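What follows is a short report on a single structure.
Since the structure is predicted, the reported quantities are computational estimates derived from the model, not experimental observations. Proteins come first, then strands; the chains are lettered A, B, ... in the order of their sequence lines, and each starts at number 1.
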There are 2 protein chains.
Amino acid sequence: MSLPHAILTALLEKPSSGLELTRRFDKSIGYFWSATHQQIYRELGKLEQAGQIRALPAPVPVRGQRKEYEVLPAGRAELSAWVGGTEDPKPMRSALLLRMRAAAVVGSAGLRAELERHLSLHQGQLAEYLAIEERDFPAERRRSEPDRLRHLVLRGGVELERFWVEWLTAALAELGPEE
Amino acid sequence: MSLPHAILTALLEKPSSGLELTRRFDKSIGYFWSATHQQIYRELGKLEQAGQIRALPAPVPVRGQRKEYEVLPAGRAELSAWVGGTEDPKPMRSALLLRMRAAAVVGSAGLRAELERHLSLHQGQLAEYLAIEERDFPAERRRSEPDRLRHLVLRGGVELERFWVEWLTAALAELGPEE
DNA sequence: CCACCCATGTAACAAGTTACATGATTAC
DNA sequence: GTAATCATGTAACTTGTTACATGGGTGG
């Protein structure tokens with residue numbers, strides 16, 4: 001049940017239309033909770049019906065017309081309760097680790113190229129996160145709690161990408177030069 | 001499309017019944033691709049229909065009777081092709097990072113306790129992985145490729161848990177003593 | 001006027017989750 | 001014989017994905 005809360009968070013940061021939300025998911029919140037525009041529209045409908053958000057009044061509601069949403073008090077309360085709640089970490093799901101396990105059984109033909117590809121993807125993502133960090137969280141100065149929290153989230157992204165880069169590098173070394 | 005390949009891998013390692021598979025998922029393959037028994041039975045049915053596995057001949061097939069499956073050549077070929085293929089890494093999904101981002105907006109009340117809870121869960125998982133490593137991959141000796149691959153997978157699990165332990169520790173320090 | 005992009009959606013499906021149903025076997 | 005456990009399954013639902021549909025506005 002995380003998508004609605006992701007949307008509430010995004011809308012509290014800034015009221016938006018569905019498409020704007022989609023774009024922001026593509027380059028910010030979506031870094032740790034991705035969603036397509038179809039999911040977002042579906043969820044916006046549900047949240048509106050639940051009375052947690054509302055569309056800003058438009059003169060004539062027409063299909064294809066931009067609709068801007070804002071969070072209602074009930075929505076903020078719901079999000080606040082969710083933040084204070086508990087939820088067990090979901091076991092990870094990595095198709096790549098699974099493929100390596102399968103390779104132990106049927107042979108690792110073709111695996112090396114894929115590891116190299118993933119390595120370069122993760123290196124790219126890591127560089128992107130580091131650029132964001134440099135831009136949005138410069139210097140070591142006293143910061144507000146919201147800023148510290150946002151920085152912690154970004155640090156999570158950075159360290160996770162670093163993990164993948166290191167693991168993939170080690171895996172390539174261990175696999176040996178030829179396969 | 002990873003679950004069928006997880007099952008094929010498990011069945012190649014050892015032909016099993018649905019319930020046995022479920023148990024093995026709970027303590028091995030499931031560490032990086034979890035599944036419930038309902039998912040497994042559903043998928044076994046599909047794989048059998050697709051001619052990739054078969055149930056070992058039973059005298060009289062009755063409901064509630066144990067059914068053991070083995071992989072057919074077509075199944076091994078499919079798994080082999082999948083290992084050699086490509087698949088982009090799925091963007092991560094962490095409800096905990098999302099909650100921290102939400103906390104930056106609505107306040108972090110109650111978050112600290114949850115971080116501590118997750119820290120202890122991840123410490124437990126890390127200890128479990130390290131125990132498995134010590135048991136199954138001792139000493140530094142020349143090993144076969146399958147063993148090296150399996151060890152790499154486990155190293156992935158270890159380092160990922162270590163990431164969480166370190167990030168959670170840093171987050172708790174950054175949040176400060178009281179909240 | 002038509003191609004293109006903005007914006008909102010529908011429909012169909014696939015994957016994962018939760019709750020429950022049913023028969024077989026074993027321990028007491 | 002009955003309770004517990006083993007074992008296989010159904011049903012209903014939620015979440016996520018993929019493909020397509022519809023209308024509005026803008027540039028050429």
> Under a 4.0 Å heavy-atom cut-off, which of residues 81-99 of chain A touch DNA chain D?
Replying inline: none
Starting at [atom1] of [X] and ending at [atom2] of [N], how long is that distance when rounded to a whole Å?
X       : N      : atom1 : atom2 : answer
B:Ile40 : C:dG16 : CD1   : P     : 11 Å
A:Glu43 : D:dT14 : CD    : P     : 11 Å
A:Gln39 : D:dT15 : CD    : P     : 10 Å

Do [X] and [Y] sit within salt-bridge range, that is, some charged N less than 4.0 Å from a carboxylate O?
X        : Y        : result
B:Glu159 : B:Arg162 : yes
A:Glu68  : A:Arg66  : yes
A:Arg101 : B:Glu13  : yes
A:Asp88  : B:Arg117 : yes
A:Glu116 : A:Arg112 : yes
A:Arg54  : A:Glu48  : no

> In degrees, rounded to 10°, what is the bend between the two ends of the helix from C:dC1-D:dG28 to C:dC28-D:dG1, using five pairs at each?
Replying inline: 10°
> A:Trp167 ring centre to B:Arg155 NZ or CZ under 6.0 Å, with the angle to the axis within 45°?
Replying inline: no
> By a strict heavy-atom criterion of less than 4.0 Å, which residues belonging to residues 4-34 of chain A are in contact with DNA chain C?
Replying inline: A:Ser17, A:Gly18, A:Leu19, A:Arg23
>> Both B:Lys46 and B:Gln38 contact DNA chain C. Taking the nearest nucleotide for each, which residue is further toward the 5' end?
In response: B:Lys46
> Taking for each residue the nucleotide of DNA chain C with the nearest heavy atom, is it A:His37 or A:Arg42 whose nucleotide lies nearer the 5' end?
Replying inline: A:His37
> Can you find a side chain N or O atom of A:Lys67 that sits less than 4.0 Å from OP1 or OP2 on C:dG9?
Replying inline: yes
> Do the ring planes of A:His122 and A:Trp164 sit parallel (below 30°), tilted (30 to 60°) or perpendicular (above 60°)?
Replying inline: parallel
>> Between A:Glu128 and A:Glu161, is the side chain to side chain contact (heavy atoms under 4.5 Å, CB included) condition met? List the steps.
In response: CA-CA 10 Å; A:Glu128 196 177 324; A:Glu161 292 303 326; over 6 Å; no
